[in-house]
Undergrad: 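Handing you a structure now.
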Amino acid sequence: MQVELFQKTNTYKDKNGVKKTAINFSLLCGNELIPIEVRYFENAEGHDPQYQSRKSVLRAFAAPLPPKSKDNV
């Protein structure tokens, strides 16, 4: 079975009305699109110094998610 990594960029407004960008990652396994999330692991100071690195690696290897076709809705 082939597994593919995809990303989709979305924009949204936070609770203060500021426009932000979110990147969602998904794995395509066979015919199933499985969402995945980059985990945030807090250390004693409440930070995760490796979070951005993990997310950057996923972004580097993920292809853009193709739009849904009318046939697959």
Undergrad: Verify the cluster assignment for Leu58 and Leu65: are they in a single hydrophobic cluster under the rule of side-chain heavy atoms below 4.5 Å apart?
TA: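 As far as the 4.5 Å side-chain criterion goes, Leu65 and Leu58 are not connected within one cluster.
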
Undergrad: Got a second to check how far Leu5's CG is from Leu27's CG, nearest 0.5 Å?
TA: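 If I round to the nearest 0.5 Å, the distance is 5.5 Å.
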
Undergrad: Going by the side-chain hydrogen bond (donor to acceptor under 3.5 Å, both in side chains) test, which pairs reach into residues 3-27, not counting sequence neighbours?
TA: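 Sorted pair list comes back empty.
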
Undergrad: Once salt bridge (Lys or Arg N to Asp or Glu O under 4.0 Å) is applied, what residue pairs with a partner in residues 27-40 remain, sequence neighbours excluded?
TA: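 Checked against salt bridge (Lys or Arg N to Asp or Glu O under 4.0 Å) - neighbours excluded - no pair reaches residues 27-40.
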
Undergrad: Enumerate the ring-ring contact (aromatic ring centres under 6.0 Å, His included) contacts for residues 35-65, please, sequence neighbours excluded, ordered by first and then second residue.
TA: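 Every ring-ring contact (aromatic ring centres under 6.0 Å, His included) pair that includes a residue of residues 35-65, provided the two are not neighbours, is Tyr40-Tyr51.
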
Undergrad: Could you check if a side-chain atom of Val38 sits within less than 4.5 angstrom of a side-chain atom of Ile23, using non-hydrogen atoms only?
TA: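 No, every pair of side-chain atoms sits at 4.5 Å or beyond.
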
Undergrad: side-chain contact (heavy atoms from CB on, under 4.5 Å) between Asp48 and Arg54: does it pass, once the steps are laid out?
TA: CA-CA 10 Å; Asp48 182 356; Arg54 291 191 302 275; 2.5 Å; yes

Undergrad: Show which residues join Ile34 in its hydrophobic cluster (side-chain heavy-atom contacts under 4.5 Å, direct or indirect), or state none.
TA: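 ILVMFWY cluster around Ile34 holds nothing else.
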
Undergrad: Using the test side chain to side chain donor-acceptor pair (under 3.5 Å), find all partners of Arg59 that sit at least two apart in sequence or belong to another chain.
TA: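 Counting only residues at least two positions away or on another chain, Arg59 forms no side chain to side chain donor-acceptor pair (under 3.5 Å).
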
Undergrad: By side chain to side chain donor-acceptor pair (under 3.5 Å), which residues pair with Asn43, not counting sequence neighbours?
TA: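 Side chain to side chain donor-acceptor pair (under 3.5 Å) check on Asn43 returns Glu45.
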
Undergrad: Who else is in the cluster with Val18 when I, L, V, M, F, W and Y are joined by side-chain contacts under 4.5 Å?
TA: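 For Val18, no cluster forms, as it stays isolated from other hydrophobic side chains.
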
Undergrad: Verify the cluster assignment for Leu33 and Val3: are they in a single hydrophobic cluster under the rule of side-chain heavy atoms below 4.5 Å apart?
TA: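 Shared cluster, no.
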
